[in-house]
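This report concerns only the one structure given below.
Computation of the quantities below employed the complete heavy-atom set of this structure, encompassing side-chain atoms and omitting hydrogens, waters and symmetry-equivalent molecules. Just so it is clear, the model here is predicted, and its values are computed rather than measured.
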Amino acid sequence: MSTDENAGYRWLDSTEFRTALLEGGDELRSNVLWHFERVLENESADERREWQTRANNFFKDVWPRQREVKTPEVSARLLEFLVSHPDTFTALVDAVSPLLMTIENGMRYHVRFPPKAEDLIRSNPERFLHVMDIVLSENARDWPWGIVLKFDEFAKVWEAEDSLRSDPRFIELRRRWNTR
């Protein structure tokens, strides 16, 4: 990430990187997420686990927590990052969830779900419901486009889970969906 593997030193310490992310705006934060996504999807399973550990530490120790950083654009990108690979979701959902916010005016964003998104949801239905409960706004007509396209698939997975079928979060999301 910010370490020169050959020389063994860091280019930026955590505080400097956090300041850069804070002052660099949504575009810089989105770019950093894009780089993590590319590394995590292109590595072998062992290397991916190593990078997931680095990313976990990064989101816990470096990513800024200020309100100004929690924007709909960054939340959409964080969500897209989380669902980019099933292993990534499982490894990072707990570190990334506190960084998310409701995505207002979500139709401006298209959250892309990979072809195997249903596998990700089936293996982590409660955690995925937790994330959707955070990011989805009151008005389902305002949800990000990728979620609009996939919500019925998500709902089928949640309905198949005894513990989630009566979960208040799922009931509320279903209510919002049905009022669109």
message: Donor-acceptor pair, distance only, cut-off 3.5 Å: does the side chain of Glu16 make one with the backbone of Asp13?
response: yes
Please step through salt bridge (charged side-chain N to carboxylate O under 4.0 Å, His left out) for the pair Asp87 and Arg49, ending with a clear verdict. CA-CA 8 Å; Asp87 293 346; Arg49 277 190 292 280; 5.7 Å; no
With side-chain contact (heavy atoms from CB on, under 4.5 Å) as the criterion, how do Leu100 and Val131 come out once you've worked through the C-alpha distance, each side chain's angles and the decisive distance to 0.1 Å?
CA-CA 8 Å; Leu100 297 169; Val131 168; 3.9 Å; yes
Item to complete: Decide, yes or no, whether a salt bridge links Glu126 with Arg169 under the criterion of side-chain N to carboxylate O below 4.0 Å.
Response: yes
Close side-chain approach of Ile147 and Leu136, heavy atoms under 4.5 Å
yes
- Query: Do side-chain atoms of Thr102 reach the backbone of Ile134 as a donor and acceptor pair under 3.5 angstrom?
  - Reply: yes
Quiz item: Which class fits the ring pair Phe151 and Phe154: parallel under 30°, tilted 30 to 60°, perpendicular over 60°?
Solution: perpendicular
Quick check: is Met101 connected to Val74 through a chain of hydrophobic side chains (ILVMFWY, heavy atoms under 4.5 Å apart)? no
**Prompt:** Quick check: does any side chain N or O of Lys70 sit under 3.5 Å from a backbone N or O of Pro98, one acting as donor and the other as acceptor?
**Reply:** yes
(message) Taking the side chain as everything from C-beta on, heavy atoms only, tell me whether Leu78 gets closer than 4.5 Å to Leu82.
(response) no
Joint cluster assignment, Leu40 & Trp34, ILVMFWY side-chain distance < 4.5 Å
no
Under the 3.5 angstrom rule, does the side chain of Trp143 hit a backbone N or O of Gly106 as a donor-acceptor pair? no
Student check: side-chain heavy atoms of Val135 and Val111 closer than 4.5 Å:
no
Does the side chain of Arg127 reach to within under 4.5 Å of the side chain of Asp94, using non-hydrogen atoms? yes
Practice item. Start with the C-alpha gap between Trp158 and Arg165, add the side-chain angles, then the distance that decides, and say whether side-chain contact (heavy atoms from CB on, under 4.5 Å) holds. Key: CA-CA 6 Å; Trp158 295 326; Arg165 192 175 310 124; over 6 Å; no
Contact check, side chains of Leu173 and Leu129, non-hydrogen atoms, under 4.5 Å = yes
**Message:** Using a 6.0 Å distance limit plus a 45 degree cone around the ring axis, check whether Arg54 lies over the aromatic ring of Trp51.
**Reply:** yes
| said: Before you tell me yes or no, could you show the steps for Ile103 and Tyr109 under side-chain contact (heavy atoms from CB on, under 4.5 Å), namely the whole-Å CA-CA distance, both residues' side-chain angles and the distance that decides it to 0.1 Å? | reply: CA-CA 9 Å; Ile103 303 172; Tyr109 309 104; 3.7 Å; yes
Interatomic distance, CD@Glu23 vs CD@Glu68, rounded to 0.5 Å, equals 9.0 Å
Tightest non-hydrogen contact, residues Ser14 and Asp61, listed as CB-O, 4.4 Å
Basic-acidic side-chain contact under 4.0 Å: Arg175, Glu172
yes
Arg18 side chain to Trp63 backbone, donor-acceptor under 3.5 Å: no
**Message:** Would you say CD of Gln66 has more than 12 non-hydrogen atoms from neighbouring residues, nucleotides or ligands within 6.0 angstrom?
**Reply:** yes
Salt bridge (charged side-chain N to carboxylate O under 4.0 Å, His left out) for Arg77 and Glu37? Distances and angles first, verdict last.
CA-CA 10 Å; Arg77 284 295 298 128; Glu37 194 175 325; 3.5 Å; yes
Note to self: Is it true that, when you exclude Arg67 itself, more than 12 heavy atoms of the residues, nucleotides or ligands shown sit nearer than 6.0 Å to its CZ?
What the structure shows: no
Value for NE2 (His85) from CD (Gln52), rounded to nearest 0.5 Å, stands at 8.0 Å
Scanning both residues in full, the closest heavy-atom pair of Val69 with Pro64 reads CG2-CB, 3.8 Å
So CD of Glu80 and NE2 of His110: to nearest 0.5 Å the spacing works out to 7.5 Å
Ignoring hydrogens and angles, tell me if any N or O in the side chain of Arg180 forms a donor-acceptor pair with the backbone of Arg141 under 3.5 Å. no
Value for CG (Leu92) from CZ (Phe36), rounded to nearest 0.5 Å, stands at 8.5 Å
Next on the checklist: Tell me whether Glu153 is salt-bridged to Lys156, with the criterion being a basic N under 4.0 Å from an acidic carboxylate O.
Outcome noted: no
Determine the interplanar angle of the Phe89 and Phe128 rings, folded into 0 to 90°, and report it as parallel if under 30°, tilted if 30 to 60°, perpendicular if over 60°. tilted
Separation between CG (Leu99) and CZ (Arg65), nearest 0.5 Å, reads 5.0 Å
| task | State whether the side chain of Ser75 and the backbone N or O of Pro72 hold a donor-acceptor pair below 3.5 Å, judged by distance alone. | result | no
Review point. Are any non-hydrogen side-chain atoms of Trp177 and Arg174 less than 4.5 angstrom apart?
Key: yes
* Worked check of salt bridge (charged side-chain N to carboxylate O under 4.0 Å, His left out) between Arg122 and Asp119 -> CA-CA 5 Å; Arg122 285 188 197 289; Asp119 294 342; 5.2 Å; no
Side-chain contact test, heavy atoms from C-beta onward, threshold under 4.5 Å: evaluate it for Ile121 versus Phe113 and give yes or no. no
Distance col, row Glu41:CD vs Phe81:CZ, nearest 0.5 angstrom, shows 10.5 Å
In short, Ser84 meets Pro114 closest at the heavy-atom pair O-CG, 4.0 Å
TODO: Assess the side chains of Thr71 and Asp26: does a donor N or O sit below 3.5 Å from an acceptor N or O?
DONE: yes
Nearest heavy-atom approach of Pro125 to Ser123 is CD-C, 3.5 Å
- Query: How far apart are the C-alpha atoms of Phe170 and Met132, what are their side-chain angles, what is the distance that settles it, and do they pass the side-chain contact (heavy atoms from CB on, under 4.5 Å) test?
  - Reply: CA-CA 9 Å; Phe170 172 57; Met132 292 295 100; over 6 Å; no
_Test your reading of the model: is there a side-chain donor-acceptor pair from Arg176 to the backbone of Ala140, 3.5 Å cut-off?_
no
